[in-house]
There are 2 protein chains.
Amino acid sequence: MSDNPERSGPQAPQEPSLDEQIAAYQREFRDLDPQVEKVVSALGRLNRRMNVAYGRQLADLGISNAEWEVLKTLVLAGEPYRLGPGELAKRLGLTPAAMTHRIDRMAGEGLVTRDRDENNRVRVIVELTDEGRSKWLEAMRMATDFEEELLQDLTSDERGVLGEILIRLLRRVELTQPDAGGRLTDLD
Amino acid sequence: MSDNPERSGPQAPQEPSLDEQIAAYQREFRDLDPQVEKVVSALGRLNRRMNVAYGRQLADLGISNAEWEVLKTLVLAGEPYRLGPGELAKRLGLTPAAMTHRIDRMAGEGLVTRDRDENNRVRVIVELTDEGRSKWLEAMRMATDFEEELLQDLTSDERGVLGEILIRLLRRVELTQPDAGGRLTDLD
DNA sequence: CTTGAAGACTTCAACGCTAAAGTTCGAGGC
DNA sequence: GCCTCGAACTTTAGCGTTGAAGTCTTCAAG
């Protein structure tokens, strides 16, 4: 359940090996710390591969990544799984215009309903259908299985260390880039 | 120099805190390992924030992420910084059609040249200009500064451990998802 | 020399997204 | 009650991408 936006493309890019790539960078750019570069490149590459994997699993379920994001956001909102297009757009980092179209599609597929608010007719309410919720559940099961498999080689200690370091990095990037989507208070 | 594809969107998504999000998942989905989830979510979130940061820095330089990817690929190819559109497309994971248009734009901006191969007139050669190379250098400096800053709180030991664990995960995901863009032999 | 087939790139239609303009409804001043 | 402002969503135009069809060149065989 990485909540990553992503692109899987026509097919995955064909990249040089990490070591080859770092060697090439050092050749073209003298002052490069190989250790830093290794961490950053591995991080990016791992994420990309994971996103390709998520995309495939979702495709098997017959839903796109865009749809998965919406389902997830509605479920995370909790019962009764309702949000307005504007709120959805804000949480997904999309424009309201894009949400309009996404909701159109998903309503057509029966994953959500879209109705005018009775009390305020300028508002629209998007609500998860039972089918939408069960698609989410299936996707969730696939995702957690995959994640379990991904981390299978790591001991519990290693998982703990990894998580702790990543959260420190997350805090750092949110200090450095205050408007990059994070809420500083979360981690303090 | 993360070589991530990315989306920065109209603005970054507004997300709940990691802990809030994991708590919500546990509420809606009973059998979830919080430790696994924490690692996976932190990984995804960190990457997204980093990509937003890269995107901003590149925008300051007046180049888009798409352009950055092309510059990087040409530099990594080494002297004389030449590749055909098809090869570029393969390395970037794009369709040849998309490459055609990207190259059009970049040639218009003077970042690359685009010529027919003298010896085989069906082939096209894209070559980095001096301006393109210097843009790449500037971007590279910004990226490495940012990466150095990102990792500033980690000791050298921690960086080593992090890198090592990430590479193990990368190997695992490439075993599990053989066609996700990696080359298995790289890591063995 | 002509023809057929394969390869490399480009063109075209459709799609999803952004930014900006437009529409509709609700709320507050007068 | 009317008017204007603002909020929430939709529509429109433009861009970059994909997938499929099209064009042009090369190579090899007849």
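Bear in mind that the values here come from a model prediction, so they are computed numbers and not experimental data. Each chain gets a letter, A, B and so on, in the order the sequences are listed, and its residues count up from 1.
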Going by an N to O cut-off under 4.0 Å, is there a salt bridge joining [X] and [Y]?
X	Y	value
B:Arg114	B:Asp104	yes
B:Lys38	B:Asp33	no
A:Glu67	A:Lys135	no

Provide, to the nearest angstrom, the distance between the [atom1] atom belonging to [X] and the [atom2] atom belonging to [N].
X	N	atom1	atom2	result
A:Leu94	C:dA19	CG	C1'	14 Å
A:Leu92	C:dC17	CG	C1'	13 Å
A:Arg121	C:dT23	CZ	C1'	15 Å
B:His101	D:dG16	NE2	P	10 Å
A:Met99	C:dG16	CE	P	13 Å
A:Glu87	D:dA7	CD	P	15 Å
B:Asn120	C:dA6	CG	C1'	12 Å
A:Ile103	D:dT11	CD1	P	12 Å

With sequence neighbours left out, what residues match B:Glu164 under side chain to side chain donor-acceptor pair (under 3.5 Å)? B:Arg168
Indicate whether any N or O donor in one side chain lies under 3.5 Å from an N or O acceptor in the other, for B:Tyr54 and B:Glu147. yes
Indicate whether the side chain of A:Arg45 and that of A:Gln21 have a donor and an acceptor atom separated by less than 3.5 Å. yes
Ignoring the backbone of [X], work out which of [options] is nearest its side chain.
X	options	answer
A:Thr100	C:dT11, D:dT11, C:dG26	D:dT11
A:Pro85	C:dG26, D:dC9, D:dT18	D:dC9
A:Ala97	D:dT25, C:dC25, D:dT11	D:dT11
A:Ala98	C:dC12, C:dC17, C:dC9	C:dC17

Looking at C:dA8, I'd like to know if its phosphate oxygens (OP1 or OP2) sit under 4.0 Å from a side-chain N or O belonging to B:Arg123. yes
Name the residue closer to the 5' end of DNA chain C, choosing between A:Asn119 and A:Pro96 according to the nucleotide with the nearest heavy atom. A:Pro96
Would you list the pairs meeting side-chain hydrogen bond (donor to acceptor under 3.5 Å, both in side chains) in which at least one residue belongs to residues 73-89 of chain A, sequence neighbours left out? A:Tyr81-A:Arg133, A:Tyr81-B:Glu28, A:Arg82-A:Glu127, A:Glu87-A:Arg91
Residues of residues 104-118 of chain B with a heavy atom under 4.0 Å from any atom of DNA chain D, listed by number, are B:Arg105
